[in-house]
Amino acid sequence: MGTLLNRDSFVRSFIDQQYERLKPHLPHILKENYVHRFIELDNHGYVWKDKVYQQLIEEYSIMLSPQEMLNYVVNGFADFNVIANEGTRRWKST
């Protein structure tokens, strides 16, 4: 059985959550601007995330390295994926 996933919605939710995790490092960036620019740079997943983060760092003068931001992705994705899967299980069971 294949996975049905609305990638755009999933990425939007994930980046919303990531912004909240990174918020102490992003006080000068509006959440909507960060999310919109990430989605734009991501190009539907065709751009490597280290490149996306490097561009965000340059554009917004973020005081983190691309690797530090990627670490937030790796750690945050595991947490987010569990939440997303739980939501899917609840949805399937109703």
Side-chain angles (χ1 to χ4, degrees):
M1 179 174 176
T3 300
L4 296 176
L5 174 69
N6 179 337
R7 185 187 188 282
D8 292 341
S9 177
F10 182 83
V11 168
R12 169 77 191 201
S13 295
F14 178 76
I15 296 306
D16 277 344
Q17 184 184 65
Q18 182 188 50
Y19 177 90
E20 293 304 322
R21 287 176 157 231
L22 291 172
K23 199 172 190 175
H25 303 282
L26 311 173
H28 59 293
I29 307 168
L30 293 174
K31 182 178 186 175
E32 189 56 38
N33 291 347
Y34 178 84
V35 170
H36 175 78
R37 190 62 178 136
F38 180 96
I39 290 169
E40 191 174 62
L41 292 169
D42 179 60
N43 192 26
H44 301 284
Y46 288 103
V47 178
W48 288 96
K49 298 307 165 268
D50 60 335
K51 303 296 183 198
V52 171
Y53 288 121
Q54 182 62 48
Q55 188 64 38
L56 288 170
I57 287 166
E58 290 173 14
E59 288 182 21
Y60 292 118
S61 301
I62 298 170
M63 301 306 289
L64 294 170
S65 71
Q67 187 58 51
E68 288 171 309
M69 293 184 82
L70 283 169
N71 289 343
Y72 277 99
V73 170
V74 171
N75 296 330
F77 185 76
D79 295 341
F80 186 77
N81 198 29
V82 167
I83 293 166
N85 285 335
E86 286 300 318
T88 301
R89 281 192 208 112
R90 281 194 297 272
W91 180 76
K92 285 181 180 177
S93 66
T94 57

Nearest heavy-atom neighbours spanning L41 and V47: O-CG2, 3.3 Å
Straight-line distance of R21 CZ to L26 CG, nearest 0.5 Å: 13.5 Å
Pairs flagged by salt bridge (charged side-chain N to carboxylate O under 4.0 Å, His left out) wherever residues 64-73 is involved - sequence neighbours left out: none
Salt bridge (charged side-chain N to carboxylate O under 4.0 Å, His left out) contacts in which one or both residues fall within residues 50-63, not counting sequence neighbours: R37-E59
4.5 Å side-chain heavy-atom contact, L64 and L22: yes
I57 and M63: CA distance, side-chain angles, deciding distance, side-chain contact (heavy atoms from CB on, under 4.5 Å) verdict: CA-CA 7 Å; I57 287 166; M63 301 306 289; over 6 Å; no
From CG (L56) to NZ (K49), nearest 0.5 Å: 11.0 Å
Y46 backbone acceptor or donor facing N43 side chain under 3.5 Å: no
Considering all heavy atoms, the nearest V11-I39 contact: CG1-CG1, 4.3 Å
Set of residues satisfying side chain to side chain donor-acceptor pair (under 3.5 Å) with respect to Y34, sequence neighbours excluded: Q18
Salt-bridge present (R12, D16; N to O < 4.0 Å): yes
By side chain to side chain contact (heavy atoms under 4.5 Å, CB included) - contacts of H28 (at least two apart): Y60
Transitive ILVMFWY side-chain link W48 to F38, under 4.5 Å: no
Separation between CG of D8 and OG of S13, rounded to the nearest 0.5 Å: 11.0 Å
Test side chain to side chain donor-acceptor pair (under 3.5 Å) applied to K31 - qualifying residues, sequence neighbours left out: E20
Donor-acceptor contact below 3.5 Å, side chain Y19 vs main chain E32: no
Minimum side-chain heavy-atom gap D42-I15 below 4.5 Å: no
